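These numbers were taken from a predicted model, which means no experiment stands behind them. For this chain, numbers begin at 1 and follow the sequence in order.
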Amino acid sequence: MLLAEQALAGLRLRGQQLRAAVTVFADEARRRSAVGLGAVDSRALLTALHDLPVDLPLSLSALDAHALRTLRTAPPGVVDQEDGQGILVRRLVPAARVELVLVHGPQGISPRDWDSAVRDASQFAPFCARGVVVSDPVSERALHNPDPSCDPDFDLLLLKARFYGVGVAIQGSAGLRWVLEPAPYRPLRHSAAQWLFHEQAWRQLGPDWS
């Protein structure tokens with residue numbers, strides 16, 4: 001399966017420079033733009049918002065003092081507050097979701113760095129699907145060789161990557177192609193930390209991303 005490289009954005013997430021496939025939620029992106037709101041990457045604020053219903057009035061008495069203090073610091077467009085009526089309404093929802101991250105090098109990752117690249121990609125397991133882009137000459141040869149024992153290093157890479165759910169892609173003449181597709185992303189739960197990850201991506205993409 002070919003990867004559409006034009007749909008991949010360069011991002012820096014969790015200290016790594018990556019390429020990522022991102023879904024933008026146009027309605028929320030437009031709403032934020034209209035009120036002058038960009039990314040919201042305060043973990044404390046996202047934690048306070050995470051379990052609140054969206055677009056439904058909530059009594060302030062249902063919130064603890066810490067959550068109230070945090071929400072009162074929110075920029076315009078995050079919540080609507082009507083203190084006189086004791087009501088708060090959450091407006092903020094995610095503007096973008098990172099679907100896939102690719103750990104890569106200028107021409108793909110060289111064999112000496114395959115192990116570390118798989119480990120680097122594995123840290124994104126709580127957030128999205130993940131893969132590595134390996135260097136072309138060795139992987140192209142392994143892709144077309146029916147006997148994997150002829151390239152044991154590449155075979156070992158595939159075994160390790162499969163164990164961790166990490167995809168392996170190569171850069172060919174037609175673009176990026178999967179040798180091993182990444183495991184589907186199936187989160188066990190949703191958390192404020194995951195939301196923060198996607199907001200950090202949105203901050204770098206900006207409202208003009210489409």
So which atom in Gly77 and which in Val35 form the shortest heavy-atom distance, rounded to 0.1 Å?
CA-CG2, 4.0 Å

Side chain Gln194, main chain Ser191, donor-acceptor under 3.5 Å:
yes

Starting at CZ of Phe25, measure out to CH2 of Trp202 and round the result to the nearest 0.5 Å.
10.5 Å

Could you state the interatomic distance from CD (Glu99) to NE2 (His198), rounded to the nearest 0.5 Å?
8.0 Å

Among residues at least two apart in sequence or on other chains, which ones pass side-chain hydrogen bond (donor to acceptor under 3.5 Å, both in side chains) with Arg90?
none

Pair Leu176, Leu8 - check side-chain contact (heavy atoms from CB on, under 4.5 Å), show working.
CA-CA 11 Å; Leu176 289 176; Leu8 298 174; 3.8 Å; yes

Which distance, rounded to the nearest 0.5 Å, do you find between the CG of Asp51 and the NE2 of His190?
12.0 Å

Rounded distance (nearest 0.5 Å) linking atom CD of Gln81 with atom CG of Leu68:
8.0 Å

Is there a path of hydrophobic side-chain contacts, each under 4.5 Å between heavy atoms of I/L/V/M/F/W/Y residues, joining Val78 to Leu63?
yes

Keeping Ser122 on the side-chain end and Val118 on the backbone end, is there a donor-acceptor pair under 3.5 Å?
yes

Calculate, to the nearest 0.5 Å, the distance between atoms CG and CZ belonging to Asp113 and Arg119 respectively.
10.0 Å

Can any side-chain N or O of Arg162 pair as donor or acceptor with the backbone N or O of Gly165 at less than 3.5 Å?
no

Closest contact, heavy atoms only, Val168 versus Ala161
CG2-CB, 3.6 Å

Would you say Leu92 and Leu45 make side-chain contact, with heavy atoms under 4.5 Å?
no

Please tell me if the side chains of Gln200 and Leu11 come closer than 4.5 Å, counting only heavy atoms from C-beta onward.
no

Are Phe197 and Pro126 packed together at the side-chain level, in the sense that at least one heavy-atom pair is separated by less than 4.5 angstrom?
no

With a 4.5 Å cut-off on side-chain heavy-atom distances among I, L, V, M, F, W and Y, is there a chain of contacts connecting Leu180 to Val103?
yes

Just so I know, are the side chains of Leu100 and Arg19 near enough to count as touching, which here means a heavy-atom distance under 4.5 Å?
no

Kindly determine whether Thr73 and Arg69 satisfy side-chain contact (heavy atoms from CB on, under 4.5 Å), including the steps that lead there.
CA-CA 7 Å; Thr73 67; Arg69 286 195 301 271; over 6 Å; no

Contact check, side chains of Leu60 and Arg72, non-hydrogen atoms, under 4.5 Å
yes

If you compare all heavy atoms of Ala169 against all heavy atoms of Trp178, which two are closest, and at what distance to 0.1 Å?
CB-CE3, 3.7 Å

Identify whether the distance between the nearest side-chain nitrogen and carboxylate oxygen of Glu199 and Arg203 falls below 4.0 Å.
no

May I ask you to decide if the ring planes of His50 and Trp195 are parallel, tilted or perpendicular, using 30° and 60° as cut-offs?
tilted

hydrophobic_cluster_shared for Phe154 and Tyr164, side chain cutoff 4.5 Å:
yes

Before you tell me yes or no, could you show the steps for Leu18 and Phe124 under side-chain contact (heavy atoms from CB on, under 4.5 Å), namely the whole-Å CA-CA distance, both residues' side-chain angles and the distance that decides it to 0.1 Å?
CA-CA 11 Å; Leu18 307 158; Phe124 295 95; 3.4 Å; yes

Cluster check Val101, Val179: I/L/V/M/F/W/Y, side chain < 4.5 angstrom
yes

Ala29 and Val24 have their tightest heavy-atom pair at CB-CG1, 4.2 Å

Leu88 CG to Leu56 CG distance, which is reported to the nearest 0.5 Å
11.5 Å

Between Trp114 and Phe163, is there a shared hydrophobic cluster once you connect ILVMFWY residues whose side-chain heavy atoms come closer than 4.5 Å?
yes

Could you tell me if the side chain of Leu13 sits less than 4.5 Å from the side chain of Phe127, heavy atoms only?
no

Ala20 to Val98 - nearest heavy-atom pair and separation
CB-CG1, 4.2 Å

Note, Val133 side chain near Ile109 side chain (heavy atom, < 4.5 Å):
no

Shortest non-hydrogen pair, Gly131 vs Val166, comes out as CA-CG1, 3.8 Å

Within-4.5 Å side-chain heavy-atom neighbours: Asp55 and Val93
no

